[in-house]
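Small disclaimer: the values here were computed from a predicted structure and weren't measured. Quick note on labels: first sequence line is chain A, next is B, and so on, each numbered from 1.
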Amino acid sequence: MGREVSESCVDSLLTEIVSTYCNGFYANKPELAARRIEAIGYQVGHQLSERYTMERPRFSDHLEAIKFICKDFWSELFKKQIDNLKTNHRGTFVLQDNRFRWLARMSVDPSSENSSSPQDPSTMAENKAAQAVGMHLYFPCGIIRGALSNLGIPCAVSADISNLPACDRNNITKRNFDPCLVAPLTAHCELS
Amino acid sequence: MAPVAPRSGDAIFASVERVNAELFTLTYGAIVRQLLTDLEEVEEVNKQLDQMGYNIGIRLIDEFLAKSNVSRCVDFKETAEVIAKVGFKMFLGVTASVTNWDADGMSCSLILEDNPLVDFVELPDTCQGLYYCNILSGVIRGALEMVSMKTEVTWVRDMLRGDDAFELQVKLLKQVSEEYPYKDDEYSEV
Amino acid sequence: MIVCVAVVGHQSFTEADDALKLHHIVHCSLDVVDERVNNPKKSGPLNESFLGLLCPPENYKVYGYLTNTKVKFILVTTDLDVRDADMRNFFRRFHSAYVDAVSNPFHVPAKKITSRTFAERVSTIVKSLG
Amino acid sequence: MAAIYSLYIINKSGGLIFYKDYGSAGRMDTNDSLRLASLWHSMHAISQQLSPIGGCMGIELLEADTFDLHCFQSLTGTKFFVVSEPGTQHVEGLLKHIYELYTDYVLKNPFYEMEMPIRCELFDINLAQAVQKDRVAFLGR
Amino acid sequence: MEEYPEELRTPPVALVSLVGCPELHTLISTHLHSEQPPINTLALPDFSKISIMAKTQKDTSASGQAAGILKRDWLLKHRTRVPAIVAALFSSDHVSGDPAQWLQVCTDLENLKALIRGRNIKLVLVVVVQSTSKHDISEDRMIALRKRAEVDSKYLINFVPNDALDLQQSLNRMGNTFAELANTYYRDEGRRIKMRLERKSFSSIELNIRYCFKVAVYAEFRRDWVEALRLYEDAYHVLREMIGTATRLPAIQRLVEIKTVAEQLHFKISTLLLHGGKVIEAITWFRQHNASYRRLVGAPEVIFLHWEWLSRQFLVFAELLETSSAITPSISFPVSGRADRLTEWELYSAYYYQLAAHYLKEKKSSLELALSMSEAEIDGMAESVVPAVYVGQFARLLEQGNTFSMQPLTDEDYIHYALAEGKRFQDSFEIIALVKKSFEMYSSSKAQRMASYCGFQMAREYFAESEFGNAKQLFDSVASLYRQEGWVTLLWEVLGYLRECSRRLGSVKDFIEYSLEMAALPVLPVAGVLSFSFKECGPAGPASLAQREIIHEEVFGLVRGQSSLASNEGNSSLKVTGDHPIHLEIDLVSPLRVVAATSNDQSVHRVETALVLSLVTNKWLRLTYDIKSEQSGKLECVSVIARMGPHFTICCRAESPASLNDLPLWKFEDRVETFPTKDPGLAFSGQKFTQVEEPDPLVDLKLVASGPALVGESFIVPVTVTSKGHAIHSGELKINLVDTRGGGLLSPREVEPSSSDNLHVELLGVSGLECEDESKPGMENIKKIQHSFGLISVPYLNVGDSWSCKLEIKWHRPKPVMLYVSLGYSSHSSEPSVQKVHVHKSLQIEGKTAVSISHRFMLPFRREPLLLSKIKPVLDSDQMPSLPLNETSILVVSAKNCTEVPLQLLSMSIEMEDDGSGRSCSLQHGGKDLIDPALLVPGEEFKKVFSVIPEVNVSNLEIGTVCLRWRRDSGPEEESGSNTAASEVLTKHRLPDVNVELSPLVVSLECPPHAILGNPFTYFIKIQNQTQLLQEIKLSLADSQSFVLSGYHNDTTFVLPKSEHILSYKLVPLASGSQQLPRVTVTAMRYSAGFQPSIAASTVFVFPSEPHFKMAHIMASPESIAVE
């Protein structure tokens, strides 16, 4: 294990990326902000995959590469592996991390939005919160996409925050991060 | 209250959650590059980096205080030392050295030989004038501001520009003390 | 002596030496790489990065190396008796140099590597092999 | 048997950004708590001035017949104070711990805006655990 | 391979000589040839010819020093002139003929024996037996013959040609014998020489080699491939040792000889290996061969000989490999790991062809060099040089008179000879042919880069031969590959050639294209450029920046029409002139890279022009145009056309094929990298088009509907078009009625939509078109009206004018309907072509039923007919009310206003369509008809009473249809003029049929309309038997606390047919108010049907005391009507 830095450094950077692009440049254009954040992630993933695949035999197929992402790659980044990998054998893979570090410190409070949206606060807050957290997920998505496409698997990666931090009050520590990616070997390339 | 003894930088660094530095380095690199693409002007990028640093600093200081148990520094000298020895160590895992004090002890230099931010980095010719590590200055400025020290942080030396080390000059502009609810006369406390 | 070391990415190309003939050699040897990758059973120990000798030793010896990220390193040398072990070693060191080079945030993927340190490192590695 | 009654967090400009009641008798409504907070803020400041020697950090412990009030002010000016049963021990430790929780779960939550009221689920949870643990510790003794 | 002598190329075949009886020779030889293994024949018609086989007296080995390694003719001799067997053919009648013939036979035989004496050539006698004289072959003659020939009896063969069967036999026998004998012959020969080898009894190394060679050949004769191979290899190795040791010949020729022999041996070896299917071994062998001889270049003057030789090695091996790979298709690839493992290409003959070509090139260049060096004119002494006796040696043939003598050459002579020979050949075509071959092979095996390299070499040869047409074509294909893979350096070189070609060919366009592309190629690092040595890089020169600038200058001078380049091709010079203007299609993403011009000008393009532009290096030039769009839709920038000089334009399409590829080549070059990202939209989507909205209409279109429509009425929706802003030309109003709940406005069932009543909602028409000029009636404007669609033309409207019409819509069923009205018009009178402006308005209109009509039947007061259908549950009795025959029933019809607007009720009546069968029932409505319309406020109900008396006993009686005439009440000002409300509506409601039946019993109660507290009154119960039967009636009277009554409570009586039974009770009311009379229950035993008067019927109001009021009030109440 090479050199290390405090986790807060990375956390702060991530936070700043998002706030810079979402509140700064593209406050009104979330989709543009998202693309930028994803792009940053992409570059990181691209370079990291280059590093972490040294000294290992070439992957014979896509599945191997994706397993690599789930195991070694992920533990390099988060000191833990992906918890669950699913696939429909038609090119869609679902990676699931039940304790995603980058969401571990986030709590979104619906009530905070109540003021802004008196009508039907719950749902309003829901999707607002989802959006906010989603912004933070473009970066990891970018990383995965960057890594895979550098391994010769062009793909689309999207994160699905099925249960938001704010949503599951019963479960304290659980933070789900399920990026779902679609490799273009399937004709129907739709992200789910 | 009985002040808990301040902990050494290494001790804290050992205790805090750590991550692979490559991730940090590359992420930062990617940010800088993206900013360059978006803002085009190098100056803009410098500003932006500093701003981001500031935002980080104003939050990070509290973590620093909470985990390092440093009590209030008697003067700016001590502050600088703490930053160099504890602060840098605790977050970046490296220590800086403090030198070049001016006469009235209001400005000094933080020297950083080893800097995880710049591993692998080489500035292209198009990016001359870019302060690659400008985020650091922002962080320091922000952090000190939270402990009521207005400072000005500037780069003196930059390895990416061929210097032999990174040198940050920190100049203390003024020390604002808390405002009092019922009277607001300047009250310098040190 | 090693007359040419080439890094061949998906698209682009960076070289340590520029003689046209070497370009041709390197370029042609890519066919072999493809050949080997496309039917792995032929190429020896499964999916090892090091591909070994690519072309029949006519005047030059051409060695290949293929990273996981589909980047190819081609080495052309004039001395016809080099050991695979040396080559392996060479490529390993070269690879790490390459990785650091592309980790430079200002390096555009698939673009020519314009890094002085990389150049230096490569030349030292090459020298060390003589 | 000792107990924590309530916890207040006051930002540097004297605004109450967090208030939690752990079953004290007189539960206050928001306005009262706000008022009280700013009042306490000023008192704390005044106390520093009262000090004959400089460099005073303000009130740290206020003992009343029915309760103790422990206060901890971070160097960044954020004040944490806890109202507890008289004679409760080790509250400083608790306050320090709370401060850390604050840095971890409030300041590191990207959605928290500085100086604003704290609405962080994770903070609440961890805080609750801390206080609970604390209680248990006392029960143990 | 072709230049090898045939005997070398083919495996040796045993040779048998036939003598005598020439007529049979063809027959026999064909047979032998077809044998397996085949046998060649040397056929001599008669014994005088046998001298051919005679030994050639050897001039050798007097001195042990051999003059050479292999005799050139040795192999040939043993293939053609030295048979293994001599077969002497005698016809039987000669054998058993007269003494003279016999004598002849004997002498022939003697000569033959003399010839083969000392050589162990085998002798076979063949006696040709003519079937005619079969019998008379004297046995002793035969024996005598054998004795003379000294051959074993089994080598005396009777040959019987005439009889097919015998012929076949004798042929087979002959064949077998020959095979056997040949085998022994060659074995013995081989053994003989092998002996010498083993005994090392050879004076010189040359002989050693020669012996090995001979043994190998003899082994081949015997098809003993293994031994042959072994010995050839021995020979080869020994030969290799000779190098450096041998001293016999002058150095150069010595080497030449050795190489030549080595070549032969190698050829034999690899042939044997390959035909043995040992491909890998063959290849490894070749590798060694190549390795061990490559460095033996020999003397520098004749180095070209070496290259030629080497090239030939590759060529020959390539050919062998190619032919054999047909035989052994699949090659088991050796597993890697060995350092010197075979690589892919070594299995492709293409590889060897390529190298053959390569070395031939070497040869060519070095030959040219040598020629240029050798100043002396050389042809003179070349003629007389001929191949000498030994393989790979040459000698000068001197002729004195008619005798020839060989004279060895000095190396100088030899060099001259070689040069002279070399000059005779035109190599470059050979080279091209070779490369072409490998080119094809590579491309067939998908090794495109290899292939293109070969292509490149071919092209270069063509270029050298100044066949620029071919060259260009090839270069082009090569360039495309390099382009696509981004190999800048190589591309540069190829482009250089292409540019040169097109210059030579004088095609300006290409020249410019290539020049531009070259100028645009990314610059290589300086370090690289330095290491170019000029001879390597083609006509383009080094890919330096300076070079680029030169090219750039040149081409731009050209396109500006300032300069013109002399194309060395003929007299024409490159020039861009007015009569040949040039237009280039340029790729967007790789600037100045030419793409296949796909000019599909499908739509009308508009051109925006800018004035003179100057482009700064490394900066983007942003052009801004303000474009006035008169077309709505997608406005796209199709292409940018730049004009340089008078006659030159560059067109750059926004969507070029390459820009679609994910990774355009030069995208990452510094010059292009800095995208203009100030405008994020542009930066990201590289926005090339925008959506042009049609001009927002300055017209407003109003639809107003006064509340919901009512079913039946013709509902009026006024439409107003007001032009504010611009005039309206050729306006058109489209009207559409659409069911909001989907589905048509027709009820699905009905078939013919024409008839209006199955239409739920219907657009009746457009009324009250008030145009500027009332003169022309509005109806003309109506272009089309259907029940759900309307098209109306709107007259010309000036600014500010307005125009309106009314839509009449009729609802037949309650249903919400969406009314869409869209106005299409053009704002300019002039061209109708231009886009029409459209304004859309829609309005949902609810269609409601105005009045809901309900009815109910009542029986007469206090008169209860027993209706059996009520008792026994008849299935349909429930939905169909029953009425008693000839009894008066009351029908109350009520109409309720269920709209939000007040309605006026004009009339209500019941129409009964009387069928022929007279009046089925009499029906008159009580009360007077309403004179002035009754006002129904919303929710109010209007009742009207009819009395019905069924007169025929039918199961279902039609009562008729309620006709209700009403209209909207539009308040007091209703009378004023043409108002919508005026239209009155007729709503019909068909009353359901009723069931009429005769009631057997009718119970009627009689008591005064009211009673007074305390005053007794009589209460009659009349039971009327309407049947012809005696009816037993049980009746019981319930007690009631509000009355005191006298009379028995329960009783059973009989009622006579058609008569009435009356019971009377006296009652004294005890309580005041409306009181329940004691309830009577009548049970008709016959029908076991009990029935009770209704509660309503059996109540009476008890006044506390005598009231004072008029009866009239009560009389008005419907009940009283019924009573009378």
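For an aromatic pair to be called close, the ring centres must be under 6.0 Å apart, and B:Y132 with B:Y28 satisfies this. Checked against a 6.0 Å centroid threshold, the rings of A:W74 and A:Y52 do not count as neighbours.
Looking at A:E7, the atoms closer than 4.5 Å to chain B (heavy atoms on both sides) sit in the backbone and in the side chain alike. If you measure heavy-atom distances from B:I12 to chain A, you find no contacts under 4.5 Å at all. Only the side chain of A:F139 comes within contact range of chain B, with heavy atoms under 4.5 Å apart. Within the 4.5 angstrom heavy-atom criterion, no atom of A:Y42 approaches chain B. Heavy atoms closer than 4.5 Å to chain A are found nowhere in B:V139, neither backbone nor side chain. Proximity to chain A (any heavy atom under 4.5 Å) is restricted, for B:F13, to the side chain, taken from C-beta onward. For chain A, the nearby parts of B:E17 are the backbone and the side chain; heavy atoms of each come within less than 4.5 Å.
The backbone N or O of B:N20 lies less than 3.5 Å from no partner atom in the side chain of A:R3, so there is not a single donor-acceptor pair.
Checked for salt-bridge contact, A:K80 and A:D97 meet the test: a charged N lies under 4.0 Å from a carboxylate O. Remark: B:K171 does not engage B:D102 in a salt bridge, criterion side-chain N to carboxylate O under 4.0 Å. A salt bridge links B:K47 and B:E44; the closest N-O separation between the charged side-chain nitrogens and carboxylate oxygens is under 4.0 Å.
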